[in-house]
*Asks:* 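My questions all concern the structure below.
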Amino acid sequence: MQKSLLPTPEALTLDQIAQRFNTDERALAYLEEIIWPHGPVCPHCQNADPARIWKLKANAAKEIRLGLYECGACGKQFRVTVGTIFEDSKIPLRKWLVAWYLVCSSKKGSSLQLMRQLDLGSYHTALFMTHRIRHALRDPAFNGKLSGTVEVDETYVDGVVKGRGRHYVANKANIVSMVERGGRVRLQVMDKVTSKNLKAALNEHVETSARIVTDEHHGYRKAAAGFAAHETVNHGAKEYARGDVNTNTVEGFFSLFRRGVIGTFHSVSKKHLPLYLAEFDHRYNTRKQTDGERTVAGMKKARGKRLTLKPLREGA
Ligand SMILES: [Zn+2]
């Protein structure tokens, strides 16, 4: 493996990304370093034996692209971008790296800002990039369930639909937040906050050994039945806390969330809300890290996230 291209992720700044990875060759080498920290891995058969993977020399005349490898185990060829959100993209990789940094670091990673800074030519292309990055940031449930004391609460956002008023009800979305005290968060969009939906969300994201703390919304009683403990705070009776039975963590999170999502994305449509939530989750879960670390941690999630966001065509 070649020498690391940067000292440490902590020290990574936007300026460094823009200057050091100003060619696609350098950007590709850096992406390889992030996605393959122990050397190339064949995405077709998972072969990682360095003696059985060969790097092919780029040759435009023979149509051998930069960063192409051949696997000795399955005989197939691959690049580091196979199976990632970068696959098949015509947008230069060096621009993708800057976009990652902007989305992961900034508190206002808007598509408009991205379009201007990267000279993308169209807002649509910028939106395509930010949505793909947000998709990659989503934590699959199997990344470790929440444990310890988990506070659960619900809020809603008014998504805006063109031509409809600000408070058009059909586009309103409920968001249930599960926050580990002193730890991570998982957000889930819910059409209706019912005990059945709450139960499914808790089962997916929280260990059964956890102690659940909620308000007195009736749906939680059944939903939290299978967990080690369930305690409730009665907000209606102005009882906000009894010792450590409180929902202060999740309420603090929601106030950050409201400022972050609603302040930044003036019109979040319900369809794309889960993508914004993924970005917000990632930022919250890496809140003690530097912008550089947060960006590198995000890029590591790019693997296995290939998708086509159908309504968003690149460059359209
Ligand atoms: Zn292979």
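In each ligand, atom 1 is the first atom listed, and ligand 1 is the first ligand listed.
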*Asks:* Using the Zn ion (ligand 1) as the vertex, how large is the angle between SG of C74 and SG of C71, rounded to 10 degrees?
*Replies:* 110°

*Asks:* What heavy-atom pair brings T149 and V213 nearest, and what distance separates the two atoms?
*Replies:* CG2-CG2, 3.9 Å

*Asks:* Do any of the N, O or S atoms of H44 sit under 2.8 Å from the Zn ion (ligand 1)?
*Replies:* no

*Asks:* Checking R134 against E279 for the salt bridge (charged side-chain N to carboxylate O under 4.0 Å, His left out) test, could you report, in this order, the C-alpha distance in whole Å, the side-chain angles of both residues, the deciding distance, and whether it holds?
*Replies:* CA-CA 5 Å; R134 287 179 182 123; E279 177 191 338; 2.5 Å; yes

*Asks:* To the nearest 10 degrees, how large is the angle at the Zn ion (ligand 1) between C42 SG and C45 SG?
*Replies:* 110°

*Asks:* Does the pair W96 and F21 meet the rule for a ring-ring contact (aromatic ring centres under 6.0 Å, His included), with working shown?
*Replies:* CA-CA 11 Å; W96 273 108; F21 310 121; over 10 Å; no

*Asks:* Run the ring-ring contact (aromatic ring centres under 6.0 Å, His included) test on F227 and Y220 for me, step by step, so that the C-alpha distance in whole Å, both residues' side-chain angles and the decisive distance to 0.1 Å come before the verdict.
*Replies:* CA-CA 11 Å; F227 293 83; Y220 289 119; over 10 Å; no

